[in-house]
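Residue numbering restarts at 1 for every chain, and letters A, B, ... go by the order of the sequence lines. Quick note: numbers below take in every heavy atom, side chains included, and nothing from hydrogens, waters or symmetry partners.
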2 protein chains.
Amino acid sequence: MGQYQPPLRDMQFVLHELLQVEDQLAGMPRHAETNRELIDQIIEEGGKFCAEVIFPLNQVGDNEGCQWNNGEVSTPTGFKEAYRQYCEAGWPSLTCDPDFGGQGLPQVVHNVLYEMLNSSNLSWTMYPGLSHGAYECIHAHGSDELKKDYLPKLVSGEWTGTMCLTEPHCGTDLGILRTKAEPGADGAYLITGTKIFISSGEHDMAENIVHLVLARLPDAPAGTKGISLFAVPKFIPNHDGTLGPRNAAVCGSIEHKMGIHGNSTCVMNFDSAQGWLLGQPHKGLQAMFVMMNAARLGVGMQGLGLTEIAYQNSLAYARERLQSRALTGAKAPDKVADPIIVHPDVRRMLLTQKAYAEAGRAFSYFVALELDRSLDHPDEAARKEADDVLTLLIPIIKAFLTDNAFDCTNLGMQILGGHGFISEWGMEQYVRDARIAQIYEGTNTIQSLDLLARKVLADQGARLKQFGRRIESFVIAHKDDPAMAEFIAPLADLAEKTQKLTMEIGMKGMQNPDEVGAAAVPFMKVAGHLVFAYFWARMARVALEKQDSGDDFYRAKLATARYYFSKLLPETAYWIRVARAGAEPLMALDADLF
Amino acid sequence: MGQYQPPLRDMQFVLHELLQVEDQLAGMPRHAETNRELIDQIIEEGGKFCAEVIFPLNQVGDNEGCQWNNGEVSTPTGFKEAYRQYCEAGWPSLTCDPDFGGQGLPQVVHNVLYEMLNSSNLSWTMYPGLSHGAYECIHAHGSDELKKDYLPKLVSGEWTGTMCLTEPHCGTDLGILRTKAEPGADGAYLITGTKIFISSGEHDMAENIVHLVLARLPDAPAGTKGISLFAVPKFIPNHDGTLGPRNAAVCGSIEHKMGIHGNSTCVMNFDSAQGWLLGQPHKGLQAMFVMMNAARLGVGMQGLGLTEIAYQNSLAYARERLQSRALTGAKAPDKVADPIIVHPDVRRMLLTQKAYAEAGRAFSYFVALELDRSLDHPDEAARKEADDVLTLLIPIIKAFLTDNAFDCTNLGMQILGGHGFISEWGMEQYVRDARIAQIYEGTNTIQSLDLLARKVLADQGARLKQFGRRIESFVIAHKDDPAMAEFIAPLADLAEKTQKLTMEIGMKGMQNPDEVGAAAVPFMKVAGHLVFAYFWARMARVALEKQDSGDDFYRAKLATARYYFSKLLPETAYWIRVARAGAEPLMALDADLF
């Protein structure tokens, strides 16, 4: 079943040595008391819980899957009990509003916890993960009465939540959704329609489930401007905290799917189910988008978690498995063969996993901290700046980290060879689980279009330039340091090329919008590497300063940085060419000649 | 459950318009009568059989898997009956020796059939596929008596075969295998040991199974020079064609695994099982290697088959699924949204599949024809030349086509979005099935080392230069044709860069063998593209000549060639850089600091 050790040392490096999280939080009154000691303590406790309680259920969940029986869904053995323990320990309330029973801790702590939860058991983690989205949405848009009735239950974990967007005929294109909402009694609405691919839509882990449902009011304009958002509970709550009647929101079936077997993927049938409006009529997409940053960051954390767990388990295998001699002569002459970690290509695979895991960690914790700044910094300009950074980086977190995770879990399988393909060893589950993260919460093509068209080109590259200035400052600060040259030169070069590419695409896109569509995915890859190169250069700087400290951690960090710059970053040479090759080769062929 | 249409038009293009297979075969007396009409007839019949009989069992096989019961294995519903029909129609005997009941047809026809079988149902196809390897090995190395007893049964399909190499502690490194062979009575040997990952090791589709087992004789030298090959039948045959006693070769269990559920992956326990020596004592690896070319070509055909079926099904989806409007304005204004094939990135994914499927087809049929030349050309020099080409290209066929297949099945899933992840639609099975082909029959890292170290550097690049001369001739012949410039220029450029890279690696490798290990996988990618660029340029030439024929097939071929050169070939820019970055970034980190 493999192993999981929370990577505490690297987490602490990122939080304290790279990001100076304590100093950052000190500038936010709400988090001023969240010091290093407290953060480390929470992470250690969380890591212990993940490794001891959640991780052992991962393979069980995959093997058993969920069972549907006449509208009820039972989760795999142990899921329910682990969730009870999770709630008892107060983990669901970590970042929630103290007014509703939350602990008011920063987002960055939540994200560290979620990295570990996702490493331990992605399917299980999706149950509390989606609840948190529902909490945020109701917190932002619910009436006072709804908040009072719903939030304490979501904060405690007694209830869970879902997001109900997709319908059989529409996923990406929500503008064509058909679910209807008609005014009912007492301010409620009656919701009718079918939603599919609803993660955690029905289960036996909590006493109630709150569905956030997109639907159309009778007078709704066509398209995305006619969609409203409703809270539709499984059981309609009474104001005294007890549960009232069962609502007509029923799970019609669950899907058989490639991975995340332990999470129930439900068809949800709403048959005049009672729902309550969240936010303004016809403004449902906007209401839902307030939670989109956190949700997409959350999917990025899934990618990071799976990259890390794949790395740990293929590393353990590569150290133990004896097979063939090193090309330069036996390294373990007393054994029948050398451990496979001596072979250059096995190291290529391990170092790729390591470089992506560590850059992903630095990047995502940085983004989580920006999320805190955007929410809780006292200075409006700082909040705005953080919000701009987030707007730009969120699609990159989602798409780049999940693409990397699929590659890295597959590298893990390749390191294990035939054993990687066999279920017993656990690696093939990580591949199957990682695959969905490239698809849900907006496919990675959609993330790429969002990045290029909406986040970069729509403001003539202003947000990108703003982030580019951070890179520029770092480059200027270190350009005369000979020890940093190997990192600064390629970073500066890529930053320049990215700006140039952006302008080129912008010009071509004005003539032909298909040029933007054609360049989106390659641009995402380039932007992802620009961000990773920036964080690897920053990490290298910290490691260079401390390399003589006697702690081998910094030597390993530097070697990994060098691997990244020499072996992974050059992928951008390919993607820039693909972006430049433009739309013509894609659009030339008539659809019926394919 | 999707659809499968044998791509007859493109097959005929490759066989007749590109490779002139009839003319080629005319030069080989054994195949002189295998004309175009006969070939097309066989392919059409085979395609019909695949689409109607084998393909419908694909999803059934995945859902049911194989069942182990006390040493017996039952295959999924319908597999046995389909195999009976396959044998009755004479398909197993296609290329076999007429002296043993075969039809004596060329390998190229066999490979076309196997592309279609693999598209239809990889798991099912592995049963007859492995038998064919056993047939070839016994045909080449068996005693006359063994041939008389075994070959007609393998040719008719009444018996199937396996290859038993891997043991729990060794896969890649066969030198450390432990299975023992001791001399027994009547020229037989007694085989004792455990083999794992034995595909088709036990099943209910045939009355007998012949295991080809690698084992050590008592006086065997250590390492790979002490391995012998034995034929170990499940039931020991009598000389009259009836079956004698059950041999002590028993399936201990079957593996649960990521994909190819319909094929039994067996642990085989040999407990003083009777076996008969094939070839010379201690020369078992050499004996097995005679079938290695065909076996690795066979795995490449699995990659091609899955690339094609993924393409067909994602194309059908992309034409039907309505989602969002084209960026350049509605293309199907009468519908609620446009079919997703209007979107540039969906086209990127489809064209990648199409370009890899069609180049893979051209390349692999070419290789199969070279296999025929190497076996059946009357001129020894021609046989030798074909053998050199094969030696060079076989690892590329295996690794490059299976890497592409995994990418292309995943692109298929991405095109289907959430529906791609759901089992019902069939696409996720292709991803899971494709994954094993990168691992078995020598991992793709091993193929890459074989290519670079043994096939390219070991003869100072002579074989590569020989193949390079074909490319050079083609370049020279067409360099003044302006219509060909867009294909010839990048082909010539890549050929030059590949030669240069080869020399560089050769020089560095003499100083440090790890340089070869570090460069192997990137070199494989570059070599794969060199071959693909060559075949795309050749296909483009044919298409240019016929583009005014009124047949849209040639327009599509040209558009796909242009897509390949502008969007896929540039990947080599990345891999050349990775190869050049050398071993240092891989080897710098101590194993215990990972």
Taking C-beta and beyond as the side chain, do B/I422 and A/H256 meet within less than 4.5 Å on heavy atoms? no
If we define contacts as heavy-atom pairs under 4.5 Å, which of B/F421, B/F565, B/W575 has the most with chain A? B/F421
Honestly, the part of A/I436 sitting under 4.5 Å from a heavy atom of chain B is both
B/K567 versus chain A, heavy atoms under 4.5 Å apart: side chain, backbone, both or neither? both
Checking B/Y440 against chain A: side chain, backbone, both or neither under 4.5 Å from a heavy atom? neither
Would you give me the side-chain donor-acceptor pairs under 3.5 Å for residues 579-591 of chain A, sequence neighbours excluded?
| residue | atom | partner | partner atom | Å |
| --- | --- | --- | --- | --- |
| A/R580 | NE | A/E504 | OE1 | 2.8 |
| A/R580 | NE | A/E504 | OE2 | 3.1 |
| A/R580 | NH2 | A/E504 | OE2 | 3.2 |
| A/D590 | OD2 | B/R555 | NH2 | 3.4 |

Side chains of A/I176 and B/Q323: closer than 4.5 Å at any heavy-atom pair? yes
Within this structure, what is the CD1-OH distance for the pair A/I576 and B/Y574, rounded to the nearest 0.5 Å? 13.5 Å
List the atom pairs, donor and acceptor, that lie under 3.5 Å between side-chain atoms in residues 410-418 of chain A and the rest of the protein, sequence neighbours left out.
| residue | atom | partner | partner atom | Å |
| --- | --- | --- | --- | --- |
| A/N410 | OD1 | B/R435 | NE | 2.6 |
| A/N410 | ND2 | A/F406 | O | 3.0 |
| A/Q414 | OE1 | B/R435 | NH1 | 2.9 |
| A/Q414 | OE1 | B/R435 | NH2 | 3.0 |
| A/Q414 | NE2 | B/Q438 | O | 2.9 |

Heavy-atom pair with the smallest gap, counting every atom of B/P344 and A/A518: CB-N, 3.6 Å
Choice from A/L174, A/T166, A/T172, A/T572 maximising heavy atom contacts with chain B below 4.5 Å: A/T172
The interface call for A/Y311 against chain B, heavy-atom contacts under 4.5 Å, is side chain
Does any backbone or side-chain atom of B/A520 lie under 4.5 Å from a heavy atom of chain A? Answer side chain, backbone, both or neither. neither
Take a 6.0 Å sphere around CZ of A/R178 and say whether it holds more than 12 heavy atoms from other residues, nucleotides or ligands. no
Note: vs chain A, highest number of non-hydrogen pairs under 4.5 angstrom among B/T443, B/L568, B/L351 is B/L351
Which answer fits B/I341, side chain, backbone, both or neither, if we ask what part of it has an atom under 4.5 Å from a heavy atom of chain A? side chain
Given A/G171, A/C170, A/A573, A/A556, the one with more heavy-atom pairs under 4.5 angstrom with chain B than any other is A/C170
Pairwise side-chain contact, B/R347 with A/F594, heavy-atom cut-off 4.5 Å (strictly under): yes
Let's test your reading of the structure: which of A/Q429, A/R348, A/E515 forms the most heavy-atom pairs below 4.5 Å with chain B? A/R348
A/V346 versus chain B, heavy atoms under 4.5 Å apart: side chain, backbone, both or neither? neither
Out of B/L558, B/V521, B/V336, B/L449, which one racks up the most heavy-atom pairs below 4.5 Å with chain A? B/V521
Heavy-atom count check: over 12 atoms from other residues, nucleotides or ligands less than 6.0 Å from A/R319 CZ? yes
Are B/D345 and A/S448 packed together at the side-chain level, in the sense that at least one heavy-atom pair is separated by less than 4.5 angstrom? no
Report which part of A/I340 has an atom under 4.5 Å of a heavy atom belonging to chain B: side chain, backbone, both, or neither. neither
Which heavy-atom pair separates B/V431 from A/M258 by the least distance, and what is that distance? CG1-CE, 3.5 Å
I need the residue from A/M349, A/H419, A/R432 with the largest number of non-hydrogen atom pairs under 4.5 Å to chain B. A/H419
Can you check whether A/T445 reaches B/H343 side chain to side chain, under 4.5 Å on heavy atoms? no
What is the distance from atom CG of A/L327 to atom CG of B/D514, rounded to the nearest 0.5 Å? 5.5 Å
Output the option from A/A559, A/P339, A/A337, A/G259 having the highest count of non-hydrogen pairs under 4.5 Å with chain B. A/G259
Residue A/K335 excluded, over 12 heavy atoms near NZ under 6.0 Å: no
Do you know which of B/A222, B/G329, B/S423 has the most heavy-atom pairs with chain A at a distance under 4.5 angstrom? B/S423
